[in-house]
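Notes follow the structure.
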Amino acid sequence: MDEKSTSSHQRLLVFLLMVLIFGVFMIQYACPSSSECKMLHQLGAWFTLGGKRGTHIGESESQDGLQKDPYIAEDGALARFVPRFNFTKPDLNRVVDFNIKGDDVIVFLHIQKTGGTTFGRHLVRNIQLERPCECHAGQKKCTCLRPGKKETWLFSRFSTGWSCGLHADWTELTRCVPSRMDSRETQKNQPSRNYYYITILRDPVSRYLSEWRHVQRGATWKASLHVCDGRSPTVSELPGCYSGDDWSGCSLQEFMDCPYNLASNRQTRMLADLSLVGCYNVSTMSEDERWPVLLDSAKRNLKGMAFFGLTEYQRKTQYLFERTFNLQFIAPFTQLNGTRASSVEVPPETQERIRRLNRWDVELYDYARDLFLQRFQVARQQEHRQAREQRQQERRRLRGRFSQKQGRRLKPTETARPTGVETEEQQREMAAEDSVESEVLFPDWWDVDENSTMEDYIGNVEQW
């Protein structure tokens, strides 16, 4: 190769490199927030390894000629999920008639260190809406208005701020939200709204460790109001665990030793109606009486919520939210490989002590996980059944058209049979579908290839 040709190739490479650099700068300018940029999602789909497009919720990918379920546990385990609790059909079929153009409001109850920040951002940045939320760089809150109205449809940290106090619980939100929403209305006749409460729960041990690490770095929730029965608790009712501005550098032992630490059983406390036990006045009843009441209340409120998700099941959480509210996310949820809490080396005996300190949260989470997975299984089975019925209807339609061309029509009582046009494989598939026409919804919910195990737990929470 002569010098002239070499020089030409070098100039070409320099030109291509400059084009690449210019393209990177343009993308950064157009999409300063890469996680929420539709352009980057599209580019990622184009340049996926092997030229294959990534799958979204509800889509399936092919592997060795078989359909791969996107909800199978990431470790590939096919252990059968065996339910422990009995729920009614209304408990499991959670689909609400959410009217974003009307007066309905989604209220997000954000429990500390459960992945609520990540989920909250999904709500304001990642939902396909006729009128998307307006989010600006450098601002924590987004403006989420209904189509054609100057009123929000979402009550959350990233839309309305901490309007009812920092990390307000069930007791605070159910009494505060209606009045806050009404105060935003200028018309005299206030609308009758439907409030749809949602939340995210997390494995109690992981959540507790995550909160310890958060506090250890200087975080506090002193701005929390803890309003119950119209007032905040006194210092004697709710003593602090530390003096000074924060509890920076506290050891795990110190964190566990404080008897007033609200991190213990936080999820149960935040989901229960505290007025049932005299709020924060622990002198009204003993601990043995108080906590069973709180646990029953938390279970009842959780089951009655429009939706709740689990940090350890991101894809299933997305699927159930979309199905419950008939809303679609732009980009799929991701299950992160680890968090700082998961990297903490905790001896087995310390983990056991954390479980004892959070025994009510452990019971609540077991209940929530069982309900969550049952809801998922029922929803998936219904989806499969609807798809099967649609395929059968389409086949009947095609058979009818073919029969008409042959000069005869099927009688209403006549069973459609293969016309000879279908392949042997199609005939076997139709025969198999016909054989399950009378399939009963209960109790055969738990198909082996759709279940997850406890090893599915990989925390997708706020990264420290």
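Along the sequence shown, residues carry numbers from 1. All heavy atoms count here, side chains included; hydrogens, waters and symmetry mates do not.
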Within the structure provided, determine whether [X] and [Y] are in side-chain contact (heavy-atom separation under 4.5 Å).
X    : Y    : value
L262 : R269 : yes
T117 : H110 : yes
F155 : C164 : yes
K303 : L371 : yes
R231 : E237 : yes
F307 : Y197 : no
M305 : Y196 : no
S210 : R202 : yes

ask   = Relative to each other, are the rings of W221 and H214 parallel, tilted or perpendicular (30° and 60° limits)?
value = tilted
task = Quick one: sort the Y280 and H226 rings into parallel, tilted or perpendicular, breaks at 30° and 60°.
result = perpendicular
If I compare all heavy atoms of [X] with all of [Y], which pair ends up nearest, and what's the gap?
X    : Y    : answer
W153 : L123 : CH2-O, 3.9 Å
C228 : S275 : SG-N, 3.8 Å
R217 : S248 : C-OG, 4.2 Å
I330 : Q128 : CG1-CG, 3.6 Å
C258 : W247 : CB-CH2, 4.1 Å
L154 : V124 : CD2-CG1, 3.7 Å

query = Are any of the side-chain nitrogens in R375 or D91 under 4.0 Å away from the carboxylate oxygens of its partner?
reply = no
message = Between the side chains of R385 and E389, is the shortest nitrogen-to-carboxylate-oxygen separation below 4.0 Å, so that they form an ion pair?
response = no
query = Is the cationic atom of K316 (NZ for Lys, CZ for Arg) positioned less than 6.0 Å from the six-membered ring centroid of F376 and within 45 degrees of its normal?
reply = yes
Separation between [atom1] of [X] and [atom2] of [Y], rounded to the nearest 0.5 Å:
X    : Y    : atom1 : atom2 : value
L294 : M270 : CG    : CE    : 13.5 Å
L271 : T171 : CG    : OG1   : 9.5 Å
L129 : Q328 : CG    : CD    : 11.0 Å
D104 : F325 : CG    : CZ    : 9.5 Å
R84  : Y367 : CZ    : OH    : 11.5 Å
R146 : E130 : CZ    : CD    : 13.0 Å

Would you say [X]'s side chain and [Y]'s backbone share a donor-acceptor pair under 3.5 angstrom?
X    : Y    : result
T199 : L109 : yes
N93  : K89  : yes
R175 : V227 : no
Q267 : L201 : no
E134 : T143 : no
S264 : N358 : no
T311 : D203 : no
T350 : V346 : no
E172 : D169 : yes
T174 : W170 : yes

Under 3.5 Å, is there a donor-acceptor pair linking the side chains of [X] and [Y]?
X    : Y    : value
N281 : S283 : yes
Y365 : E312 : yes
Q318 : E322 : yes
Y313 : R369 : yes
R323 : Q382 : yes
E383 : Y319 : yes

Do other residues, nucleotides or ligands put more than 12 heavy atoms under 6.0 Å from the [atom1] atom of [X]?
X    : atom1 : value
K101 : NZ    : no
D246 : CG    : yes
F85  : CZ    : yes
K140 : NZ    : no

message = Assess the residue pair I354 and L209 against the criterion (side-chain contact (heavy atoms from CB on, under 4.5 Å)); give the C-alpha distance rounded to whole Å, side-chain angles, the decisive distance to 0.1 Å, and a yes or no.
response = CA-CA 9 Å; I354 293 174; L209 288 170; 3.7 Å; yes
message = Among Y260, Y208, Y242, which residue satisfies the ring pair (Phe, Tyr, Trp, His ring centres under 6.0 Å) criterion with F255?
response = Y208
key: The single option from F372, F108, F333, F329 passing ring pair (Phe, Tyr, Trp, His ring centres under 6.0 Å) against F321   = F329
ask   = R207: what forms a salt bridge (Lys or Arg N to Asp or Glu O under 4.0 Å) with it, not counting sequence neighbours?
value = E211
